[in-house]
Amino acid sequence: MAAVKRLKRVAALQPGFISFKWSAESDDLNSGRRKRVNKNKKKNWNKHSDIQDVEEFLDDVRLQERTTGLCFLCLLEVQERKKGKKSKSRPLRIDLILQHDSLVPPPKDVLAYQQPNAKKLRRIAENAEKLAAMGVLPRRQKLLLNRRPATKTSKAKTAANNFPDRPYYDLWGGEGKFETADPYYLEQTGKSCVKRPEKLNVKPSILPAVEVIAPGGSYNPDFFSHQALLLEAHEVEVMRERAELRIERQLAVKQEDTATEETVFEELVEGLVEEEEEEEEEEEDVSIRGGLQQEKKTEKERKRERADKIKSQQKQAARVFTDKKQQLFQLRSIQATLKRREQRTRERVAQRKANQEAEKSMPRRLGRLKFQAQDLEIQLSDEIPGSLRTLKPEGSVLKDRFKSMQKRNMIEPRERAKFKRRHKVKYVEKRAFREIT
Amino acid sequence: MGGLQKKKYERGSATNYITRNKARKKLQLSLADFRRLCILKGIYPHEPKHKKKVNKGSTAPRTFYLFKDIRFLLHEPIVRKFREYKVFVRKLRKAYGKAEWTGVERLRDNKPGYKLDHIIKERYPTFIDALRDIDDALSMCFLFSTFARTGKCHVQTITLCRRLTVEWMNYVVTSRSLRKVFLSIKGIYYQAEVLGQLITWLVPYQFAHDHPTDVDYRVMATFTEMYTTLFGFINFRLYQTLNLVYPPKLDSKAESELKAEHEEDYAMDSESYLEKLSALSASLARVVATAEEEENQLDLFPTEGEDQENMQAREKEQKEQEAQKRLFEGLKFFLNREVPRESLAFILRCFGAEVSWDKSLCIGGTYEVTDETITHQIVDRPDMDKQYINRYYIQPQWVFDSVNAQMRLPVEDYFLGTTLPPHLSPFVEEKDGDYVPPEKLKLMALQRGEKPEEEDDVDDEELTEEKNLKKMEGTRAQGKTLAVKVTPGKVKPWETGSVGNKVRLEQEEKAEEKRLAIMMMKKKEKYLYDKIMFGKKRTTREVNKLTAKRKAHEDASKAQKKQKKAKKQ
């Protein structure tokens with residue numbers, strides 16, 4: 001920055017130099033309607049200041065440099081010297097200090113003139129070897145050896161949980177470290193663990209962890225148990241087929257509804273026959289007449305209505321009274337109905353309880369997917385091996401364990417995640433194909 | 001109306017449950033980490049009774065956790081370790097990307113790890129709790145130990161599982177606690193009784209199987225992580241109860257026997273010890289070497305409240321158990337190459353036998369085929385070329401069936417080349433009146449000590465009858481009179497005679513009494529009685545149907561056999 005300023009100042013002193021201000025003003029085209037620009041911010045310096053004249057001058061200087069081979073300042077000096085010999089170029093003080101001012105010549109570097117003597121060097125090496133063989137080492141080596149070796153502490157790689165030679169100890173037998181200490185102290189220092197809630201100790205399902213397969217699943221099964229197992233698998237397949245056909249059944253059209261020739265003929269002929277028109281006219285008259293009659297009610301009408309009402313009320317009261325009396329004789333049948341009702345409620349209660357019990361052993365719905373039971377592992381009659389050697393195992397224990405955990409409500413049913421593309425892949429023809437088509 | 005209004009979904013079941021995503025955000029973990037944490041701590045999702053209330057009016061299927069469970073999770077120190085691991089992964093990835101190899105090494109050395117010991121202690125405060133849950137752990141560890149050691153699951157996990165399962169098998173062998181075995185098409189089911197708990201587990205077959213793709217391996221690996229920790233601690237405790245050294249060491253005497261010449265052929269040095277242990281052919285070292293002392297018969301005093309009968313019954317049971325534990329004691333077995341070695345070695349050793357196999361199969365075979373003292377050789381081929389005289393050649397099913405029947409079955413049914421009797425499941429318990437397959441009846445008869453009826457006898461009888469008939473026809477055709485006499489009929493003993501009469505009279509009296517009692521019942525009671533009898537009759541009818549079917553099936557097969565025989569002749 002300072003150098004630039006200095007340069008500009010010096011440039012401004014030159015005779016051929018056009019002053020700054022003038023150039024700035026002359027360059028502006030709209031001198032009258034000048035926009036007020038804020039030149040206080042750095043980002044406005046580049047935008048709203050014109051440095052064209054400075055650039056011109058600098059180009060001029062560079063040209064002079066190129067042509068004369070001297071730098072600008074040297075040119076100045078030359079000019080000054082030409083002008084007057086006042087400023088004699090004196091050597092700089094720093095140069096004077098660095099000069100040798102002693103009359104003693106610098107000593108010769110002996111080592112630079114030394115030539116290696118092969119025999120000597122060999123002898124030195126042999127001696128060093130002999131001494132090393134005996135155990136006498138130069139001081140440097142001794143110091144190196146005495147240095148403590150950088151012990152590479154085997155970092156706690158054993159902290160990992162599952163390395164094969166992991167040691168175990170008595171987890172339940174040893175004394176608890178914290179049994180004797182004060183509970184408040186343990187809590188405050190963060191050493192005690194939070195107690196596990198009681199509900200978490202209850203198993204999520206009553207099913208056993210390992211369910212043994214039915215006796216028909218033996219590798220050499222008894223005839224009937226094998227048939228029973230096949231029957232079960234058969235039932236499952238039948239249910240599946242029925243579920244598939246259910247929709248088709250629902251959409252099926254009844255055979256009676258299909259059009260036959262007769263029905264088609266009837267439809268075509270409807271409305272053409274004239275027999276029924278007269279009956280329709282009579283019905284209309286009756287309805288019209290009924291509607292026209294209702295006009296004002298007379299006193300007679302009103303009195304009659306009141307009397308009727310009272311009579312009907314009395315009749316009803318009498319009926320209720322006799323009903324109540326008769327209920328005494330209907331006790332038995334009333335009891336019977338009550339018994340039937342109670343029995344129905346009892347049956348329903350029992351049914352509901354049985355349903356609840358059955359639900360406990362069913363897998364619960366724990367998420368988006370429903371639990372899909374795995375297929376029964378069976379081998380058909382012609383696949384049953386005669387011996388253990390020819391047995392081909394059926395099903396996979398890994399899948400069995402996975403499904404068993406889902407059945408016992410330990411994990412939610414999961415399926416493999418599908419690969420969904422966020423954006424469609426653009427079809428781009430290969431270069432070779434583009435040439436063809 | 002002035003005070004605070006009650007708004008919906010602010011209290012009650014709607015606030016007791018929290019959805020999975022909300023729980024995850026509360027814990028500030030990723031979904032995989034959250035799932036892993038729940039599996040490790042044993043926190044399972046719940047299905048609320050009224051989904052609409054909990055889900056704030058919508059019926060979208062969501063996974064719900066109890067809010068108190070999630071709050072409990074917040075105190076878990078492992079959560080911090082998960083976050084540290086996430087940061088570690090990020091730093092490692094950056095170092096890799098910038099190709100700073102020293103940084104990578106340094107980070108790798110300081111990899112954060114966590115331990116699950118405190119979680120196990122919290123979930124299973126007593127040893128018996130842990131023993132109850134070991135079924136699952138056993139099945140998972142056996143399953144993982146059969147995996148191939150490609151890089152898909154951590155090879156370390158597989159090795160650890162193998163070690164733990166071998167330790168468990170050695171324990172069962174030493175304590176002789178195996179009770180039932182069942183060979184199924186899925187795998188082999190074992191049941192053992194350990195410290196009063198019945199433990200069932202499933203071992204898959206050793207042959208290669210393809211891995212299904214729709215199983216979540218990460219979930220299974222997390223379960224295995226937890227189960228291996230639990231299993232290891234249980235093993236330690238079990239070995240302590242038996243006074244054995246843990247980690248298990250082979251008995252010094254037995255080890256010297258096992259020193260084979262070319263040990264390097266089998267396994268590397270580091271693995272050869274595990275392999276020798278897994279051979280299950282040698283006994284384990286004990287902490288305090290005790291000589292085999294004869295146990296003195298302690299005087300048994302009846303406990304309070306028990307009569308003499310119960311005590312006697314218990315004594316009898318114990319004696320039977322002791323006898324069962326020595327089922328194969330004194331026998332020497334040799335396993336042929338095509339037979340599943342580990343399973344058979346395990347079972348045979350559990351009941352006191354000595355086992356060996358071919359040297360080329362596996363390390364640990366103590367004696368060779370040529371040993372003269374071998375009593376049984378287990379073969380699965382249709383025939384053997386070289387046969388020694390004083391040993392039985394049997395198929396492997398004999399071992400399994402004997403274990404289930406708790407006695408040594410007759411060997412004749414299991415010779416080479418014979419069709420084996422069906423392998424029945426010991427896990428089925430038949431109630432009275434249910435259909436019992438005739439094989440099982442035969443077994444029960446054997447157990448009681450009756451001699452089995454041979455089917456060949458029946459055939460012989462029929463044959464002799466036929467022969468007689470033919471002879472008679474022959475003589476008739478020749479015109480001679482038959483030497484058949486009409487003898488006076490014999491009166492069956494139980495129609496006359498004092499003893500038979502008394503028994504019959506008693507029976508008749510009882511029947512009379514029963515009929516009277518039935519007549520005197522009230523209507524309600526009679527109705528119930530009829531119902532019960534109807535149910536019973538139904539089951540007996542079904543059983544009869546099944547037996548008739550079975551008989552028909554057998555007759556048909558007999559007829560076929562006869563035809564074949566006739567054709568041969």
Side-chain angles (χ1 to χ4, degrees), chain A residues 155-157 159-164 166 168-173 193-194 196-197 199-200 204 208-210 212-215 217-225 364-368 377-379 386-389 391 393-402 405 409-412 414-416, chain B residues 42 44-45 47 61 63 68-69 72 75 109-110 113 115-117 120-122 126-127 135-136 139-140 143 156-157 159-160 163 182-187 189 200-202 204-205 207 209 212 214-216 219 225 228 232-233 236-237 338 380 395-396 420 422-425 427-428 437 439 546:
Chain A
K155 301 290 173 97
K157 269 185 190 163
N161 212 11
N162 62 347
F163 78 100
R166 207 209 118 114
Y168 291 100
Y169 53 91
D170 193 1
L171 188 69
W172 292 281
C193 305
V194 180
R196 188 181 170 93
K199 274 203 185 157
L200 283 176
V210 175
V212 186
I213 198 173
S218 152
Y219 89 106
N220 184 4
D222 173 41
F223 177 68
F224 280 113
S225 31
R364 322 210 78 199
R365 180 82 192 268
L366 294 168
R368 203 168 54 98
E377 281 105 1
I378 48 166
Q379 280 191 337
S387 72
L388 198 52
R389 186 172 48 103
L391 170 67
E394 195 73 36
S396 144
V397 178
L398 180 63
K399 206 168 173 189
D400 169 68
R401 291 276 93 222
F402 190 54
M405 281 187 213
N409 307 324
M410 284 164 64
I411 47 179
E412 56 199 32
R414 305 198 57 207
E415 68 176 8
R416 202 179 167 82
Chain B
Y44 310 118
E47 191 191 4
T63 316
K68 285 196 179 155
D69 293 350
F72 170 62
H75 297 284
D109 284 338
N110 296 334
K115 287 217 153 157
L116 299 176
D117 304 355
I120 305 289
K121 183 81 204 273
E122 174 198 299
T126 64
F127 178 55
D135 286 9
D136 235 344
S139 304
M140 286 294 266
L143 170 67
Q156 287 185 335
T157 316
T159 329
L160 181 63
R163 166 189 152 203
F182 180 44
L183 288 165
S184 76
I185 47 183
K186 231 198 285 194
Y189 288 89
T200 321
W201 73 96
L202 167 63
Y205 285 115
F207 339 131
H209 38 70
D214 49 353
V215 172
D216 193 349
V219 163
E225 204 182 322
T228 48
F233 286 120
F236 184 92
R237 194 55 190 260
E338 66 274 357
D380 207 358
Q395 303 193 32
L420 296 165
H423 178 61
L424 302 165
S425 163
F427 294 102
V428 165
E439 284 84 13
L546 283 171

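The analysis underlying the following values was restricted to heavy atoms, covering all of them including side chains, and did not include hydrogens, waters or symmetry mates. Order of the sequence lines fixes the chain letters, A, B, ..., with proteins taken first and strands second; residue numbering starts at 1 for each chain.
Expressed to the nearest 0.5 Å, how far CE of Met405(A) lies from CG of Asp216(B) amounts to 11.0 Å. Atoms OH and CG, on Tyr219(A) and Leu420(B) in that order, are 5.5 Å from each other to the nearest 0.5 Å. To the nearest 0.5 Å, atom CG of residue Asp214(B) and atom NZ of residue Lys399(A) are 4.5 Å apart. How far OG1 of Thr126(B) is from CH2 of Trp172(A): 8.5 Å, rounded to the nearest 0.5 Å. Taking CG of Asp117(B) as the reference point, atom OH of Tyr168(A) lies at 9.0 Å (rounded to 0.5 Å).
Annotation: maximal heavy-atom pairing with chain A below 4.5 Å, among Leu424(B), Thr63(B), Asp380(B), Asp135(B), occurs at Asp380(B). For the set Arg416(A), Glu415(A), Glu412(A), the entry with the most heavy-atom pairs within less than 4.5 Å of chain B is Glu412(A). Each of Gln395(B), Glu338(B), Met140(B), His75(B) has some count of heavy-atom pairs under 4.5 Å with chain A, and the biggest count is that of His75(B). Put simply, of Val194(A), Val212(A), Ile378(A), Leu200(A), the one with the most heavy-atom pairs under 4.5 Å next to chain B is Val212(A). When each of Gly217(A), Pro215(A), Pro208(A) is checked for heavy-atom pairs under 4.5 Å with chain B, Gly217(A) comes out on top.
The heavy-atom pair separating Arg365(A) from Pro61(B) by the smallest distance is NH2-CB, 3.8 Å. Between Val397(A) and Pro204(B), the shortest heavy-atom contact is CG2-CB, 3.6 Å. The two residues Leu366(A) and Glu47(B) have their closest heavy-atom pair at CD2-N, 3.9 Å.
Looking at Pro212(B), only its side chain comes within 4.5 Å of chain A, counting heavy atoms on both sides. For Asp69(B), the part sitting under 4.5 Å from any heavy atom of chain A is the side chain, from C-beta outward, and nothing else. Phe127(B) touches chain A through backbone and side chain together, each having a heavy atom under 4.5 Å away. For Val428(B), the part lying near chain A is the side chain, with the backbone staying farther off; criterion is any non-hydrogen pair under 4.5 Å. In this structure, the portion of Ser396(A) lying under 4.5 Å from any heavy atom of chain B is its side chain and not its backbone. Only the side chain of Phe182(B) comes within contact range of chain A, with heavy atoms under 4.5 Å apart.
No side-chain heavy atom of Leu388(A) sits less than 4.5 Å from a side-chain heavy atom of His423(B). Residues Tyr189(B) and Ile213(A) meet the side-chain proximity criterion, which asks for heavy atoms closer than 4.5 Å. Side-chain atoms of Arg237(B) and Leu171(A), non-hydrogen and from C-beta on, never get closer than 4.5 Å to each other. Contact check for Leu183(B) versus Leu391(A): no side-chain heavy atoms found under the 4.5 Å cut-off.
Thr200(B) contributes no side-chain N or O that, together with a main-chain N or O of Val210(A), makes up a donor-acceptor pair within less than 3.5 Å. Between the side chain of Arg163(B) and the backbone N or O of Arg166(A), at least one donor-acceptor pair lies under 3.5 Å.
Ion pairing of Glu122(B) with Arg196(A) is present here, as a side-chain N (NZ or NE/NH1/NH2) and a carboxylate O approach within less than 4.0 Å.
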